[in-house]
Each structure stands twice: as C-alpha cells, then as structure tokens.
Amino acid sequence: MKYLKIKEIGDVISGSTPKTEKKEYWDGEINWVTPKELGQLHEKYLTDTERKITEEGFKSCSTRLIPPGNILFTSRAPIGHLAINNIEVCTNQGFKSIILKKDYASEYVYYALKRSVKKLQDLGTGSTFKELSKSKFEEFTIPVPSLPDQLHIANLLSKAENLIAQRKESIRLLDEFLKSTFLEMFGDFTKNEKKWDKVELKYFGEIVTGNTPPRNNAENYSSDFIEWIKTDNIPVDDTYITKAVEFLSESGLRYARTVEAGALLVACIAGSIQSVGRAALTNRKVSFNQQINAIQPNEEIEPLYLYWLFKISRKYIQDAASNGMKKILTKGGFEKIKMIKPPLSLQTQFAQIVEKTEALKTQYQQSLQELENLYGSLSQKAFSGELTTKAQEQKVVIPIKQEAKIIQTELTKQQAFLRKLMLASHIAYELCEEPTFGHTKLMKLLYLCEQAGGMALQTNYKKFAAGPFDGKTLTLIDKEFEKNKWFTIEKKTFLVNDQQREATVYKKTDKSLLYKKYFNNYFESEAKTINRIIELFRKEKTQTAEIVATLYFAWKELKAEKTIISDNALIEGFYKFHPEKKKFTPEQIMTGYKYMQTNELYPQSV
DNA sequence: AAACACTGGTGGAGTGGCAA
DNA sequence: TTGCCACTCCACCAGTGTTT
C-alpha cells in the first residue's frame with residue numbers, strides 16, 4: 001500500500017460561474033453544478049444538473065469540463081460534498097475536482113476521500129467561510145493499493161453502503177405504514193368520510209401557551225431545575241421532544257408554564273410557514289417558550305393518536321395561521337381548529353399499532369447502527385491495508401452476508417429463486433422416500449415453510465384447486481433438479497375413481513446432498529421452523545397438507561382484511577378459495593383448524 | 001485562489017397595546 | 001394585574017457571486 005498525494009493520482013481543477021446577469025450564458029446544453037446540488041444528492045453518482053450553461057457562457061469564464069467517471073469534491077460551502085460524475089460536467093468555484101489518471105479507480109478514490117472529509121475540513125482556512133485551498137488539497141495524501149485491490153475495496157464498501165441505504169428505506173417505509181394505517185382507520189379527515197365527531201381543539205384537552213421568564217433576572221436561569229423547551233426541540237421525524245438546551249431554576253419556574261408527560265407541543269410561531277404545526281409529544285414534565293402551544297390531552301384522547309393526527313394534517317393546521325411577516329398560530333386560532341375525534345377505543349387500537357411499529361423501528365435503527373459500525377470498521381481496514389489479501393477478504397464478507405439476511409424483502413428475483421430451490425431440495429431430500437410425497441405436498445410444504453419462516457421469497461402463490469400453488473416455480477424447480485442431477489423425477493399414472501391421475505416421484509441421486517451447504521448458509525435462522533414443519537407432515541396425508549395450506553392462506557387473507565378470526569369466517573374463506581374445495585366437509589376443515597392451533601402453525605400478528 | 005460582500009432564510013425573544 | 005396578540009428587532013447561518 002502506497003501513500004500518494006492527490007496531485008499524483010490526477011489533475012485537480014477548479015470551476016467558475018459565468019456572469020448570472022447575462023442571459024445568453026444560461027440555459028444551454030452544458031451541465032454546471034454547485035455545492036448545494038451536490039449536498040442534496042443522496043447517492044454516489046451525479047447524473048444530471050439543475051442548471052445548464054451555454055457554449056458562450058462556458059467560454060466566458062475559467063470553468064472546465066470534467067469527463068464522466070471522475071471525482072467532484074466541494075472545497076467550500078461546505079467542504080466535503082463529493083460525487084462521481086456520470087456525465088460530462090463543469091462546476092462553479094466551490095469545487096476542487098480530480099481528473100484521475102488511468103491507474104486509479106474513481107470509486108476507490110471516492111471512498112478514500114469520503115473517509116477523509118473531516119481531515120480535509122480541518123485544513124480549510126478563512127474567517128467568513130472555511131475554504132480548502134487547491135495546494136492543500138493537492139498535497140493531501142491517501143492510501144492507494146494496486147488497481148485490482150482498489151476495485152475490490154470499492155466493491156465491498158459499496159455493498160455495505162447499499163445495505164445501509166436499504167435499511168434506511170425500510171425505516172422510512174415504517175412511517176409510511178403508520179400514515180396509511182391512520183388513513184385506513186380514520187379516513188381522509190378533511191372529508192371526514194367516516195363521520196367522526198369533529199370538534200374544536202380546546203375539547204381535546206387544556207391548551208397552554210408557553211413563555212419566557214424574565215431574562216433580566218439571571219436567577220431564573222441559574223440552575224437546571226426543569227427543562228425549557230424551544231421549537232428547536234421539536235423534531236421533524238421523531239415522536240418525542242429532544243433534550244432541552246436551556247433550563248429554568250426553581251424561581252424561574254414560578255413564571256413559567258408547564259405540561260406533564262403525554263402532552264403535545266406544537267410550534268405555533270416560526271420563521272417560515274413550513275415550521276408551523278411541527279409537533280412532538282412530551283414524556284416528562286417540561287416548561288416551554290411562547291413559540292409553542294401545548295395540548296395536555298383529556299381522558300378522551302390518546303396522545304399517540306393526537307400526535308399522528310397533527311402529523312397527517314400539518315397543512316390544514318398551517319392554513320389556520322395568520323399572514324403577518326411572521327406566520328403565527330395564535331392561541332385563540334389554535335383552540336378553534338376543528339379536528340376529528342374518534343372513540344377512545346379506536347384511538348387506543350391505533351396507539352398499540354404505533355407502539356409495535358416503533359418497537360420494530362428501534363430494532364431497525366439498531367441494525368442500521370450495526371451496519372454503520374460495520375461500514376466504519378470495513379473502511380478502517382480497507383484504508384489501513386488489511387483488505388488486500390484473499391484471506392482477509394473472507395473474514396469481512398461473512399458479516400455482510402449475515403446482515404443481508406435481515407433484509408430479505410430486497411432480494412432480487414434470482415436470489416429469491418435460488419433460496420426457494422434450496423428450500424425445495426431440502427424438503428424433497430427429507431421426504432422423497434415417503435409414499436405420500438409428490439408435487440402437491442412439496443408445494444404445500446414450500447408454502448408453509450415460506451409463510452411460517454417469514455421468508456420473502458417472492459413466490460407468486462395463486463388459488464388453485466389443490467391449494468396455494470405456483471406452477472411456474474414448480475416447473476423451474478423440477479428443471480433445476482434434473483439439470484443438476486440432484487434428484488431424478490418419474491411420473492407414475494394410476495386410477496382414482498376411474499379418473500387417471502399422475503403422481504410425481506422424486507428419487508435421490510449421489511449428488512443430492514450438494515444442496516446442503518447452500519441451504520445451511522441461506523436458512524441458518526429459519527432451519528428450525530423448516531424442519532419442524534417437515535417432521536409435522538412427514539407421515540400426514542397430502543390432503544392434510546392441502547387443508548392446512550389452504551386454511552393458512554384464507555386465515556392470512558382474513559387478517560389482512562382485519563376480520564376477526566372465527567370458525568365460520570375461516571370455513572367461508574376456505575370454500576371461497578376455489579370451487580374444488582367443496583370436496584372437504586366443514587368437519588374436515590375444523591380438524592385442520594385444530595391441528596394448526598395445537599401445532600401453533602398459523603399467521604402470526606404483525 | 002483567496003477574501004470579501006451580498007442575499008435571504010430561520011429561530012429566538014422583547015415590546016407595547018389591549019382586553020378581561 | 002395578567003394574559004394574549006401582532007409586530008419588530010436581533011443573532012446567526014448557509015449559500016452564492018464578485019472583487020482583489
């Protein structure tokens with residue numbers, strides 16, 4: 001591993017801005033980028049620019065074209081935004097871009113610089129604005145291994161980075177989920193389709209406006225007796241207020257207004273209308289300033305419901321604000337805002353969903369934290385030269401794979417199929433010597449394993465006569481079995497009630513066990529569930545598997561519709577599944593139902 | 001290339017008038 | 001006397017363009 005100066009790996013170039021008052025310089029064909037735009041970029045690559053300049057504009061100033069595949073790095077306002085340009089682009093004067101020599105991979109340099117952003121910021125000079133000079137940037141050194149190792153490191157880091165991005169997306173989706181659950185339960189409240197009571201906010205609880213105890217008496221602020229909340233402490237995304245920066249003393253508290261835990265603090269005076277209506281709950285007693293109105297809910301209001309009500313109707317709340325230089329939601333106006341007030345029991349139900357989702361979110365955030373730590377240590381290793389040999393590569397790859405398991409929803413189709421194939425191999429390997437085992441049982445068990453194991457293998461189960469069935473997958477699985485010689489497949493025909501039926505018989509080969517390694521790798525955490533299901537159905541008739549799988553499907557549908565699970569609802573769902581299902585009696589279905597209950601094999605709650 | 005200047009946004013807090 | 005309201009000023013900061 002060598003250490004090279006930036007100027008040794010490429011040419012550092014600056015940019016410039018064509019005169020903005022000259023119209024003929026703007027709206028041309030040449031991409032032109034500013035630091036602000038790079039800051040808003042949420043990925044590694046720049047693929048377009050907001051502003052374009054003309055050929056004339058380009059010639060009028062000293063900006064230069066950077067060919068695709070190089071590094072854009074901002075040297076001021078602020079220092080440290082970076083990207084790889086996928087397009088030909090020029091920049092304003094806030095950049096020190098690098099046009100790389102051929103032995104250096106842009107992706108690698110990207111990650112190396114990203115890791116050094118803090119150091120580079122510290123190299124900045126100037127009083128009004130920190131700015132990184134060209135010479136300092138050129139002299140800055142980064143570790144540089146051989147080109148293959150550069151690519152290898154960039155590849156690893158980008159994998160880790162993708163996992164982080166996916167995890168963040170999952171967290172965002174949880175919020176989406178809550179939003180849609182709210183709308184589903186309470187409807188679009190501006191239309192009030194569900195005809196709830198719609199009452200003024202003052203009937204939701206006590207409305208309290210905050211204040212600032214006299215500043216000229218230092219004693220009011222002389223000790224940390226109680227937190228004094230400002231609008232800064234009301235986060236955009238979190239449910240609860242953050243820790244206050246300023247505190248009031250006991251004497252300060254005498255002049256102040258307070259609320260208890262469970263109150264909603266709402267920003268009512270703000271610099272811009274966007275901030276008006278921002279709200280968060282308290283989980284402790286606090287005081288707060290006059291920019292904030294609080295609602296201390298009465299016994300008919302669930303705080304979490306109130307929080308989401310505000311979150312969803314932000315725009316409606318903002319409309320109630322006055323139109324002065326500052327947008328103000330006055331106490332009087334605030335109290336008069338009309339909001340829907342559904343029965344407490346429904347609010348509580350919603351609050352429970354919120355709590356569960358939040359718990360999941362906490363888990364996700366922890367996993368995100370772990371991924372970020374992983375990225376940190378990976379990047380630390382990469383740039384200290386520990387990742388350049390094959391041996392160490394494996395050490396690092398393993399944790400990524402384990403983490404990847406958490407994010408099964410993001411499997412590609414091909415990955416999903418591969419997993420399914422391994423699962424099918426395992427089931428077939430275990431059961432192929434049983435006389436009852438064939439196509440139908442394989443499919444039913446695949447279905448049940450996928451469901452009970454909570455795997456998202458993207459199988460497209462449809463309602464077929466014999467239960468949940470995905471014919472395409474089954475054909476593909478058979479094909480792979482034969483191609484790899486993992487199993488031989490024979491068709492046997494026989495007569496049932498004068499009807500010709502076909503049965504599929506799988507037979508092991510000496511290559512059958514080859515699947516095992518993959519299976520163990522993919523289903524480490526689900527293996528227990530899978531084997532339990534296999535043993536459960538080993539000696540059962542295909543018919544039992546069929547009934548259970550169909551019931552499972554119907555059960556899941558009922559849950560999705562939020563219908564209460566009852567004997568009748570299940571039987572009805574079962575028959576609705578397919579006309580052929582009439583061949584089973586309600587007694588048989590109920591036996592299946594009992595079987596599922598005793599064996600704890602049914603859709604679990606969200 | 002570096003320093004400087006301008007624009008515009010944002011949040012915090014004080015003030016005076018008014019009404020209960 | 002107290003609380004409310006509308007407004008104003010202040011401090012600070014990010015971002016950008018121009019001048020030295």
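Model, not experiment: these values are computed from the prediction. Residue numbers start from 1 in every chain, and the chains themselves are labelled A, B, ... in the order their sequence lines are given, proteins ahead of strands.
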Of the nucleotides C:dT16, C:dC5, B:dG12, which has the atom closest to the A:Lys331 side chain?
-> C:dC5
Would you say B:dA1 has OP1 or OP2 under 4.0 Å from some side-chain N or O of A:Ser133?
-> no
Over how many whole Å does the gap from A:Gln93 atom CD to C:dT16 atom P extend?
-> 10 Å
Classify the side-chain pair A:Arg167/A:Ser367 by whether it contains a donor and acceptor separated by less than 3.5 Å.
-> yes
Kindly say if A:Ser14 contacts the phosphate of B:dA1, meaning a side-chain N or O under 4.0 Å from OP1 or OP2.
-> yes
A:Arg51 CZ to C:dT16 C1': how many Å, rounded?
-> 9 Å
Sugar-phosphate, base or nothing in reach of A:Thr34, heavy atoms under 4.0 Å | sugar-phosphate
Would you indicate what A:Asn211 reaches in the nucleic acid, counting non-hydrogen atoms under 4.0 angstrom: base, sugar-phosphate, or nothing?
-> nothing
Using the ring of each side chain (for Trp, its six-membered ring), is A:Phe182 parallel, tilted or perpendicular to A:Tyr305, with breaks at 30° and 60°?
-> parallel
Kindly say if A:Lys230 contacts the phosphate of B:dG12, meaning a side-chain N or O under 4.0 Å from OP1 or OP2.
-> no
Whole-Å gap separating C1' (C:dA14) and CG (A:Asn92) | 14 Å
C:dT2 phosphate, OP1 or OP2: any side-chain N/O from A:Arg257 under 4.0 angstrom?
-> no
How is A:Gly94 classified with respect to the nucleic acid when contacts are heavy atoms under 4.0 Å: base, sugar-phosphate, or nothing?
-> nothing
Contact class for A:Glu246 (heavy atom, under 4.0 Å): base, sugar-phosphate, or nothing?
-> sugar-phosphate
In terms of side-chain geometry, is the basic nitrogen of A:Glu139 or A:Lys7 positioned less than 4.0 Å from the acidic oxygen of its partner?
-> yes
Phosphate oxygens OP1/OP2 of C:dG15: is one of them under 4.0 Å from a side-chain N or O of A:Lys36?
-> no
Report the nucleotide, chosen from C:dC4, B:dA13, B:dG12, that has the shortest atom-to-atom distance to any side-chain atom of A:Gln290.
-> B:dA13
A:Phe73 and A:Phe137 aromatic ring geometry - parallel, tilted or perpendicular at 30°/60° bounds = parallel
